[in-house]
There are 2 protein chains.
Amino acid sequence: MRTDTTFKRAFNDMIDLLRTLDLGAELPSENALRAQLGVSRTTVRKVLASMSARGVIVSEVHRRIIREHPQQIERYPKEETLAISEQVETSFMEWMLRDNACPGTEINEAELARKFGVATTIVREFLNRFQKYGLIEKRQNAGWVFKGFTANFALELFEIREMFEMRSARLFASLPDGSPIWKQVRAMRAAHLELLADIDARFQDFSELDSRFHRLIAVVAPNRFIESFQDVIAIIFHYHYQWNKRDERTRNEVAIREHLALIDALESRNIASIDQACRAHLTSARETLLRSIA
Amino acid sequence: MRTDTTFKRAFNDMIDLLRTLDLGAELPSENALRAQLGVSRTTVRKVLASMSARGVIVSEVHRRIIREHPQQIERYPKEETLAISEQVETSFMEWMLRDNACPGTEINEAELARKFGVATTIVREFLNRFQKYGLIEKRQNAGWVFKGFTANFALELFEIREMFEMRSARLFASLPDGSPIWKQVRAMRAAHLELLADIDARFQDFSELDSRFHRLIAVVAPNRFIESFQDVIAIIFHYHYQWNKRDERTRNEVAIREHLALIDALESRNIASIDQACRAHLTSARETLLRSIA
DNA sequence: CATATGTTTCTTATGTATAAAAAACTGGGG
DNA sequence: CCCCAGTTTTTTATACATAAGAAACATATG
C-alpha cells in the first residue's frame, strides 16, 4: 500500500554518489551509505540489491565494487520520488490557484480524493495540516470551507509578517561583532549579487533565495512560532508565483535590490535605517502580491 | 465504526429543550429542532425516535406531543458525547502534562494508539493538528519528537503573545466612540467584577473568562493568524492549569485585577496607559507560567 | 571486541471498509 | 408554492489491513 518513493529517491541519490567514485572502487559500508543518503539501512540494502541486479555494482563477500557508472537515464522520474502526501499538496495548490477557486467554496474530502486519485485518508490528513495556512476552515461533522486567496488574506499575512520581520531585523542592531551570523549575512549578499549579475537567465532562482534570506533574518532570535509562520509565507509564495508569472523578472530584480538595501542597513547597525529598509521591502512585496491577486 | 457521540450530545440537549416546554405541548418541526440543536435533521429524527421509544413524546401524524418531562438521569454521560478525536486530545495532554514527559521524548503513533485505545489513524490526525502548538515536531518517515513544555516554550509563546496583544490593545485608542465593541468591553468589566465578588467560590471559572477577554481585545482588527494563535494560548493554559492548581485562587484574583486595570486603560484611550497595563499583565502572566513550569 | 552484514520485529504511509451523520431528493398537505 | 416529514444518496469519522521503511537484534569476520 505504502509507495516506495523513499527507495526511488535514495536510488537516484545513489546514482549521483556512484558517479563521484572511480570504477573498480570499493563502496562505503551500508552504515556509511545510510548516513550519506539519509535513509535507513533497510532502504540502503534495497538500493544496493537493485544496483547489483542491474550490474552497476558487484557484490562480493563483505564488499561491493563499482563495475560501471550508472546512466542518468536510469533515474526514477521526479514524480515517483514524491510521497503521495507531497503530491496531494501540489494537486491541491493547483486546484486552488490555477482553477481560481472562489471564496466560500465548500471542500469535499471525498470529492478531492477522487479528483486527485488518492485515498480519502490522505486528503483528510493534508487538509488538517494545511489548516494552519489560514486558507481553509473546518466545520464540525461536515467538510471544509475555502476562505479564498483574497486581498484580505494577503493583508493579514503581511500584517504578521511585518511584526515578525521588524522584530528580528531590529535585533541586528545589537548583534555583537563576533556573531557568526554576520558571516552568513555577507554570504547572503554575495548570493544576491551573483543572482543579480545573471538575472536575465536565473531570475527563477529567486524564490528559493528569498525564503532563505527571510529565514536568515529570523535566526538572530529563534522562535518556533515565527519559524512556523515562515513556512506559511514560503509555501504561499512558492505556489502563487509558480502559477503567476506576470512581470516575474522585474519583480524579482526589484526584490533583490531591496534585499541588498536591507543587508546594508543591517550591517550599519542603525535602527532607523533597518526599520526603513525593512518596511520598504515589505510594503513593496505586499503591493506586488496584492496586484497579482486583483 | 464511527461513534454516535453527535446523537448522544443532541439527545442530552433535547432533554434540556423539552424541559423548557409544557407537558402536552407540540414540539417544533424537525427543521426548527435541527437549527436549535445544531445538528442535521437525520440526527434530530434519531433523537425523536429515541424519545418516542422511551415514551417521553408521542408521535402523531405531522406532530409530536410531549408526554412527560425526561429525567436528568437518562442523560448520556459526558464522555460518551465527546468525539474520539476530542478524547485523544485530553489523553495526550494528560500524558504530556501529568506524566511530565521529558523534552526529546520520541512519540510513537502506534504506541500512543495502543495506550489510548484508539486507531492509529486518529492519533496521527491528532498529532498533525497538534503540531501547530509548537510542542511536537515530525521527522520524515519516522515518529514525532516531543520538544518539551519548557521555560523556552513559555518564553517564545509570550514573545508572540505580547506582539499580538499590544498591537490589538493599542488600536483601542483610536476606536470610535460609536463602536459596538465598547459595549462588549463594559460587559466584560461587569463579568470580571462579578467573578471577583465571588472569587472564593468561583475562582475556577476564570480560565474561560480569561480566554474570552483576550479574544475580545483581538476583535478590534480581526486577523486569522492572531485568532489561530489564541487557540494555542487557550489550549495550553486550559490544560496546564487544569493539572497545576498551585495558588490557583490567588493567581486568578491577581489576573482579574490586571484585566480590570487594562479595561480602564482601554477606555481611557491613552496609548501610554494601555501599553503599560497590557505589558504589566503579560509580564505577570508570563512569570506565573514560568514559576509553575520550573 | 568493534564493526559489518544478515534477520527479525516494529512502525509508518497509505488504501479500504463501514456505521453515523449530513445533504439531497420526493411526495404530500396547507 | 413553501414547508414538512419520509426516503435515498453522499460524506465524514473511525477502524482495520498491509507493503515500505526504520529499528532492533543476531551473527560473522577481521
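Quick note on labels: first sequence line is chain A, next is B, and so on, each numbered from 1. For the numbers below, each heavy atom of this structure counts, side chains included, while hydrogens, waters and symmetry mates do not.
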Take the protein atom [atom1] of [X] and the nucleotide atom [atom2] of [N], then report the distance between them rounded to whole Å.
X      : N      : atom1 : atom2 : answer
A/E60  : C/dT5  : CD    : P     : 13 Å
B/E111 : D/dA22 : CD    : C1'   : 15 Å
B/I107 : C/dT12 : CD1   : P     : 11 Å
B/L112 : C/dT11 : CG    : C1'   : 12 Å
A/E30  : C/dT7  : CD    : P     : 11 Å
A/M1   : D/dA20 : CE    : P     : 10 Å
A/N128 : D/dT14 : CG    : C1'   : 13 Å
A/I84  : C/dT16 : CD1   : P     : 11 Å

Between [X] and [Y] (salt bridge meaning N to carboxylate O under 4.0 Å), is one present in this structure?
X      : Y      : value
B/E106 : B/R139 : yes
A/E26  : A/R64  : no
A/E125 : B/R124 : yes
A/R212 : A/E208 : yes
B/D4   : B/K8   : yes
A/R224 : A/E227 : no

Among residues 113-124 of chain B, which contact DNA chain D at a heavy-atom distance under 4.0 Å?
B/A119, B/T121, B/I122
Contact string for nucleotides 21-30 of chain C, one letter per nucleotide 5' to 3', B = base within protein heavy-atom range under 4.0 Å, S = sugar-phosphate only, - = neither, reads SBBB------
Would you please confirm or rule out a distance under 4.0 Å between OP1 or OP2 of C/dT5 and any side-chain N or O of A/N31?
no
A/S85 vs C/dA13: side-chain N/O to OP1/OP2 distance below 4.0 Å:
no
If you apply the rule side-chain hydrogen bond (donor to acceptor under 3.5 Å, both in side chains), what do you find for A/Q131 with A/W144, and how did you get there?
CA-CA 10 Å; A/Q131 197 171 12; A/W144 303 73; over 6 Å; no
Base, sugar-phosphate or nothing for A/R9? Non-hydrogen atoms, less than 4.0 Å.
nothing
For a quick test of reading the model, state the closest non-hydrogen atom pair linking A/V47 to A/A10 and the distance between them.
CG2-CB, 3.9 Å
For residues 82-89 of chain A, dump all side-chain donor-acceptor pairs below 3.5 Å to protein atoms at least two apart in sequence or in another chain.
residue	atom	partner	partner atom	Å
A/E86	OE1	A/A83	N	2.8
A/E89	OE2	A/Y239	OH	2.7

B/E111 meets the salt bridge (charged side-chain N to carboxylate O under 4.0 Å, His left out) criterion, sequence neighbours left out, with none
Axis-to-axis angle between the two ends of the helix from C/dC1-D/dG30 to C/dG30-D/dC1 (five base pairs per end, rounded to 10 degrees)
30°
Quick one: ring pair (Phe, Tyr, Trp, His ring centres under 6.0 Å) pairs with a partner in residues 96-126 of chain B, sequence neighbours left out?
B/F92-B/F126, B/F126-B/F130
Report yes or no: is the cationic atom of A/R215 (NZ for Lys, CZ for Arg) under 6.0 Å from the centre of the six-membered ring of A/F229, at an angle within 45° of the ring normal?
no
Heavy-atom nearest nucleotide on DNA chain D for B/R63 versus A/K138: which residue maps closer to 5'?
B/R63
